[in-house]
Amino acid sequence: MRTQVAIIGAGPAGLLLSHLLEAEGVDSVVVETRSRDYVESRIRAGILEQSTVDLLTDVGLGARLAAEGDRHRGIYLQWPHERQHLDFVDLIGRTVTVYGQTEVQKDLGRARDAAGQPIHYGVTGTALHDLDSEHPYVTFTDAEGTQQRLDADVVVGCDGSFGPSRAAVPEAARQTWQRAYPYSWLGILADVAPSTDELIYAWHPNGFALHSMRSSSVSRFYLQVPPETDAGMWSDGQIWDALAERLGHGEAGWQLTPGPITAKSVLPMHSFVQQPMRYCRLFLAGDAAHIVPPTGAKGLNLAVADVALLAPALVALLRRGDPGPAGAYSATALRRVWRCTHFSWWMTTMLHTGGAGADPFEAQLQLSQLRWVTSSEAGARGLAENYAGLPIGF
Ligand code: FAS
Ligand code: PHB
């Protein structure tokens with residue numbers, strides 16, 4: 001097989017990249033190790049920044065998003081006896097939208113079907129070759145067990161944190177940074193109407209909690225848990241008790257409504273950045289190049305921002321023979337990557353407590369930061385700009 005762009009990974013980065021390239025007459029082939037059902041059903045991100053919503057809308061992927069997405073003006077930050085709302089519209093004139101990554105994935109899949117996009121699901125043994133030549137190629141075994149070779153002009157690694165693309169960059173040519181946080185998130189999905197109109201990020205001495213949602217009848221929650229936690233260690237009753245305790249803020253009249261839990265999973269919290277995001281004919285986008293803790297709701301949005309930058313760069317390279325934008329891709333993308341990495345670290349360290357071994361000094365610093373962010377317009381605007389306001393070209 002031959003194509004202009006070989007894309008490894010059919011997550012949001014890979015499928016959106018193929019969509020953006022095709023709109024500019026550049027063809028691609030996508031190879032994906034999982035099944036389509038798996039990719040479209042795994043529960044991940046839930047919040048789209050306005051720049052993500054605007055981009056998806058501009059490229060014809062906004063119909064269901066407009067009909068089913070839930071636009072929010074802001075978020076609540078909370079600590080015992082205090083719940084404060086940050087209104088992003090008042091602060092910076094931008095909003096965020098609740099629309100699950102599963103739905104983004106389905107919209108992308110349908111759009112790629114309509115375009116006749118070749119996507120090979122269920123592949124194994126993906127390997128990248130001759131990336132430092134003018135004729136790179138990818139080999140893999142397809143779902144029927146046949147060895148395949150895909151020749152391309154460029155290869156884009158959109159294969160997330162466990163794919164082969166990161167390591168395809170020679171060690172001497174890459175630099176990585178990582179930080180493991182001393183806690184994880186226990187994420188649950190529940191068939192119950194949210195007990196809040198907008199997301200609640202709650203600091204609590206016993207651990208952080210987040211009340212998010214997926215629709216008017218499905219809620220999404222996260223609990224800070226020790227890093228080695230297994231989802232099976234928590235009964236439904238223990239989960240609801242911990243959520244009620246940490247999300248309750250002592251104000252009369254508010255209470256958390258429990259309901260049937262339909263999914264539980266533990267998400268480790270860590271940061272990872274690999275640079276450069278280009279090596280010869282290989283480009284990296286999305287989680288393949290960077291991972292952020294989800295406290296700042298950045299993961300999916302950062303993947304979108306990467307491909308929104310990479311697609312025009314590849315069009316310039318492959319359609320107009322202009323290597324400039326592709327040459328600038330890594331440095332430009334990394335500016336936003338590090339901004340989002342810092343913001344995700346800032347939100348994470350502000351809101352996660354030390355649990356049993358908590359450092360009382362650290363707790364006072366966190367509470368002081370929360371009081372400042374929710375009482376100072378300058379502080380609140382800083383959070384709003386990072387959470388909802390970074391333009392695509394940042
Ligand atoms: P993805 O990981 O989505 O896609 C990569 C694709 O490459 C996958 O489909 C994978 O199967 C495929 N692949 C891997 N190896 C391959 C190979 N050898 N050959 C072919 N294909 C291969 N972000 C948030 O903002 N909020 C959240 O709450 C949140 N929760 C998350 C929970 C989990 C369990 C995980 C892992 C991530 C979560 N994220 C969250 C981050 C997540 O949303 C990512 O940022 C987003 O999926 C990034 O998209 P991609 O870069 O496309 O990577
Ligand atoms: C989610 O709804 O999955 C979600 C929302 C906000 C976050 C992280 C996850 O910061």
Side-chain angles (χ1 to χ4, degrees), residues 6-18 30-36 38-49 52 70 72 75 96-102 104-105 108-109 119-128 138-142 150 155-168 184-185 187-189 194 198-201 208 210-215 218-222 231 263 265-270 272 284-307 337 340 343-344 347-348 351 387:
I7 298 173
I8 302 174
L15 290 193
L16 182 56
L17 178 61
S18 72
V30 183
V31 296
E32 164 59 53
T33 198
R34 297 286 190 167
S35 70
R36 177 164 180 170
Y38 180 90
V39 173
E40 292 188 351
S41 58
R42 63 189 169 197
I43 302 158
R44 288 200 172 160
I47 299 296
L48 303 185
E49 290 176 21
T52 297
D70 182 9
H72 283 193
I75 60 171
V96 290
T97 299
V98 174
Y99 191 70
Q101 181 171 326
T102 50
V104 175
Q105 202 69 54
L108 281 166
I119 305 175
H120 297 265
Y121 288 100
V123 311
T124 53
T126 313
L128 296 77
V138 174
T139 54
F140 60 93
T141 302
D142 67 21
L150 174 61
V155 178
V156 182
C158 297
D159 44 346
S161 38
F162 308 108
S165 295
R166 282 179 184 178
S184 294
W185 276 12
I188 71 159
L189 208 58
E198 295 188 335
L199 271 61
I200 303 170
Y201 288 80
F208 167 77
L210 170 59
H211 189 334
S212 184
M213 68 276 292
R214 286 293 178 273
S215 69
V218 177
S219 292
R220 177 76 168 151
F221 298 94
Y222 296 95
S265 63
V266 174
L267 173 66
M269 303 284 278
H270 67 282
F272 173 86
L284 300 178
D287 279 16
H290 43 71
I291 299 289
V292 289
T295 327
K298 289 288 147 230
L300 172 56
N301 294 292
L302 206 37
V304 169
D306 284 350
V307 297
V337 167
C340 293
F343 176 65
S344 303
M347 285 285 280
T348 300
L351 286 159
Y387 194 102

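Both ligands and their constituent atoms are indexed starting at 1 by order of listing. Along the sequence shown, the residues carry numbers beginning at 1.
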Considering heavy atoms of the protein only, find what lies nearest to [atom] and give residue, atom and distance to 0.1 Å.
{"atom": "atom 11 (O) of ligand 1", "result": "Glu32 OE2, 2.6 Å"}
{"atom": "atom 32 (C) of ligand 1", "result": "Leu267 CD1, 3.5 Å"}
{"atom": "atom 2 (O) of ligand 1", "result": "Arg44 NH1, 2.9 Å"}
{"atom": "atom 5 (C) of ligand 2", "result": "Ile47 CG1, 3.4 Å"}
{"atom": "atom 23 (N) of ligand 1", "result": "Ala45 CB, 3.6 Å"}
{"atom": "atom 8 (C) of ligand 2", "result": "Pro294 O, 3.2 Å"}
{"atom": "atom 49 (O) of ligand 1", "result": "Pro12 CG, 3.5 Å"}
{"atom": "atom 14 (C) of ligand 1", "result": "Asp159 O, 3.3 Å"}
{"atom": "atom 17 (C) of ligand 1", "result": "Thr126 OG1, 3.7 Å"}
{"atom": "atom 44 (C) of ligand 1", "result": "Asp287 OD2, 3.1 Å"}

Interfacing atoms of ligand 1 (cut-off 4.0 Å, heavy-atom, [X]):
{"X": "Leu300", "answer": "25 (O), 45 (O)"}
{"X": "Ala297", "answer": "25 (O)"}
{"X": "Lys298", "answer": "25 (O)"}
{"X": "Gly160", "answer": "2 (O), 5 (C), 53 (O)"}
{"X": "Val31", "answer": "20 (C), 21 (N)"}
{"X": "Ile8", "answer": "19 (N), 20 (C)"}

Checklist entry - Polar-atom distance check: Thr33 versus ligand 1, any N or O pair below 3.5 Å? => result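 Such a contact does occur with ligand 1.
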Checklist entry - Do ligand 1 and Gly299 have nitrogen or oxygen atoms that lie under 3.5 Å from each other? => result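 Yes; at least one N/O pair falls below 3.5 Å.
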Would you say ligand 2 has an N or O under 3.5 Å from any N or O of [X]?
{"X": "Ala45", "answer": "no"}
{"X": "Tyr201", "answer": "yes"}
{"X": "Tyr222", "answer": "yes"}

Item to check | Spatial distance of atom CZ (Phe208) from atom CE (Met269) [nearest 0.5 Å] | outcome: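 Reported to 0.5 Å precision, the distance equals 7.5 Å.
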Checklist entry - Hey, is Ser265 touching ligand 1 through its side chain, its backbone, both or neither, going by heavy atoms under 4.0 Å? => result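 The answer is neither; Ser265 stays 4.0 Å or more away.
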Next on the checklist: Tell me the nearest of Glu40, Arg42, Gln101 to atom 9 (O) of ligand 1, using heavy-atom distances.
Outcome noted: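 The option holding the nearest heavy atom is Arg42.
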Checklist entry - Is it the side chain, the backbone, both or neither of Tyr99 that has a heavy atom closer than 4.0 Å to ligand 2? => result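 It is neither part, as no heavy atom is under 4.0 Å.
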